[in-house]
Amino acid sequence: MTVSAPAKINLTLDILRRREDGYHEMQMVMQTVSLADELTIDRDSTTGDGAPRVSTNRSYLPSDGNNLAAAAVRAFAQATGIPVGGCIIHIEKRIPVCAGLAGGSSDAAAVLHALNTLTGAGYSKAQLAEIGRGVGADVPYCVWGGTALAEGLGERITPLNTLPPCFVVLSKPDFPISTPELFAQIDCTRIRCRPDTAGFLTALGQGDLYGAARRMYNVFEDVLTDRRGAEIQERKHILIEHGSIGASMSGTGPSVFGLFDREDAAQAAFRALQGRSGETFFCRTI
């Protein structure tokens, strides 16, 4: 079976508090976009309960148990008792890695959906999301996809009214950002700017794309005060300058995105950002 694994963007990202277990209580509105990896999954009955085999078009990606796609196979087999451990997976990687776009988590979610179909297990999305919870924090959302509110560590998912269709320009600078570094630097009591999540949800319920876009924000942007933060803000400025109705950083970065209600404006922003280092993509919400 060949399946698509779409990237996600964070329309809002807020950190409410630091929990007693050391993790952070999150509140995020997430959205899938048409930029996607393509996975081919072969449930090879001859290898039964053996280790899953993973190959990719990117030599630097893990092909062993450290790949989230392989972890998803193990989680599915453990939860269902169905011998799928030895399946073969090839990932045609298009989503940038370490980019705040949940590429690995989306691959894992796609594997869960594919195995659910191939084995006839008949699990619901909610059941697959629960299996995915042990694979990675973003996997439950990626199982659901679309427009959704993610809370807790990201595992509590509430599907929302669909964001009105729009064009998206994604731009990933060529530097990495460490997720543990950002979480270590964030102080929930000193966050200066937060997304208007309640206002965003109201606008979304009314089908108001512009009202929702105006309320987007990612609290991690306040943490990045060095040259990386300056580059992220510069790319946001280019997106807005070319007609974006709202721009923000996704996840822990460094990818930034802009929403557009006009294709010509989105194409102009895409061309403007193509000249900068890193990767730039033109896509749509799905």
Side-chain angles (χ1 to χ4, degrees), residues 7-33 98-102 105-106 129 133 136-142 144-164 166 168 170 177-206 208-225 228-229 232-233 235-236 239-240 244-259 285:
K8 66 85 182 169
I9 54 176
N10 290 86
L11 300 173
T12 70
L13 191 156
D14 200 1
I15 301 178
L16 305 182
R17 63 181 179 89
R18 187 180 178 90
R19 302 176 1 163
E20 292 181 1
D21 61 8
Y23 291 101
H24 291 79
E25 190 76 15
M26 311 285 288
Q27 188 177 57
M28 306 171 284
V29 178
M30 310 230 252
Q31 173 67 49
T32 43
V33 297
C98 301
L101 302 174
S105 295
S106 188
R133 182 176 178 176
D138 283 336
V139 178
Y141 163 73
C142 292
W144 283 96
T147 312
L149 177 69
E151 298 176 287
L153 300 180
E155 81 284 2
R156 297 203 312 268
I157 307 300
T158 305
L160 300 172
N161 289 348
T162 302
L163 185 75
C166 58
V168 182
L170 276 167
I177 292 180
S178 164
T179 296
E181 173 195 349
L182 289 194
F183 274 106
Q185 293 182 24
I186 199 85
D187 182 347
C188 300
T189 65
R190 301 180 65 182
I191 295 174
R192 296 177 301 155
C193 299
R194 295 182 181 273
D196 178 8
T197 306
F200 185 98
L201 296 177
T202 297
L204 191 64
Q206 297 170 346
D208 180 2
L209 174 63
Y210 310 101
R214 287 197 301 271
R215 291 169 170 84
M216 297 193 309
Y217 192 66
N218 182 335
V219 297
F220 281 124
E221 291 184 40
D222 272 353
V223 177
L224 291 165
T225 57
R228 299 171 300 173
I232 285 167
Q233 295 305 316
R235 293 185 191 225
K236 283 180 61 178
L239 290 163
I240 292 169
S244 171
I245 59 174
S248 188
M249 185 174 80
S250 184
T252 53
S255 298
V256 297
F257 67 91
L259 304 183
T285 55

Once you measure the plane-to-plane angle for F220 and F183, does it fall in the parallel (<30°), tilted (30-60°) or perpendicular (>60°) bin? perpendicular
Atom pair CZ (F200) and OG1 (T12), whose distance is rounded to the nearest 0.5 Å: 6.0 Å
Kindly indicate whether the side chain of S106, heavy atoms from C-beta on, has any atom under 4.5 Å from the side chain of K8. no
In a check of side chain to side chain contact (heavy atoms under 4.5 Å, CB included) between M26 and each of L16, L13, V219, which one passes? L13
Closest non-hydrogen atom pair, G258 against S244: CA-OG, 3.5 Å
Say you draw a straight line from OG1 of T252 to CD of E181; how long is it, rounded to the nearest 0.5 Å? 10.0 Å
In terms of heavy-atom contacts, A102 and C142 come closest through CB-SG, 4.1 Å
In the structure I gave you, are the side-chain heavy atoms of I232 and I177 within less than 4.5 Å of one another anywhere? yes
Could you tell me the separation between the CG atom of N10 and the CE atom of M249, rounded to the nearest 0.5 Å? 8.5 Å
Restricting to non-hydrogen atoms, name the atom on A150 and the atom on M30 that form the minimum distance, rounded to 0.1 Å. CB-CE, 3.9 Å
Is R17 atom CZ crowded by more than 12 heavy atoms from other residues, nucleotides or ligands, each under 6.0 Å away? yes
CG of L160 to CH2 of W144, rounded to nearest 0.5 Å, is 11.5 Å
Any heavy-atom pair between the side chains of Q27 and L149 that's under 4.5 Å? yes
OG1 (T197) and CG (L204) are apart, to the nearest 0.5 Å, by 12.0 Å
Under 3.5 Å, is there a donor-acceptor pair between the side chain of S250 and the main chain of G100? yes
Using atom types as modelled and distance alone, determine if a side-chain donor or acceptor of T147 lies under 3.5 Å from a backbone N or O of Q31. no
Flag side-chain contact, heavy atom, 4.5 Å: Y141 against T32: yes
If every non-hydrogen atom of A212 is compared with every non-hydrogen atom of L163, which pair is closest and at what distance? CB-CD1, 4.4 Å
Taking atom CZ of R18 and atom CD1 of I186, what is their separation to the nearest 0.5 Å? 11.5 Å
Decide whether E221 and S248 meet the rule of one side-chain donor and one side-chain acceptor closer than 3.5 Å. yes
Test item: R133 side-chain N/O and A129 main-chain N/O as donor-acceptor pair under 3.5 Å: no
Could you tell me if the side chain of I9 sits less than 4.5 Å from the side chain of L101, heavy atoms only? yes
In a check of side chain to side chain contact (heavy atoms under 4.5 Å, CB included) between I245 and each of I240, L239, L259, which one passes? L259
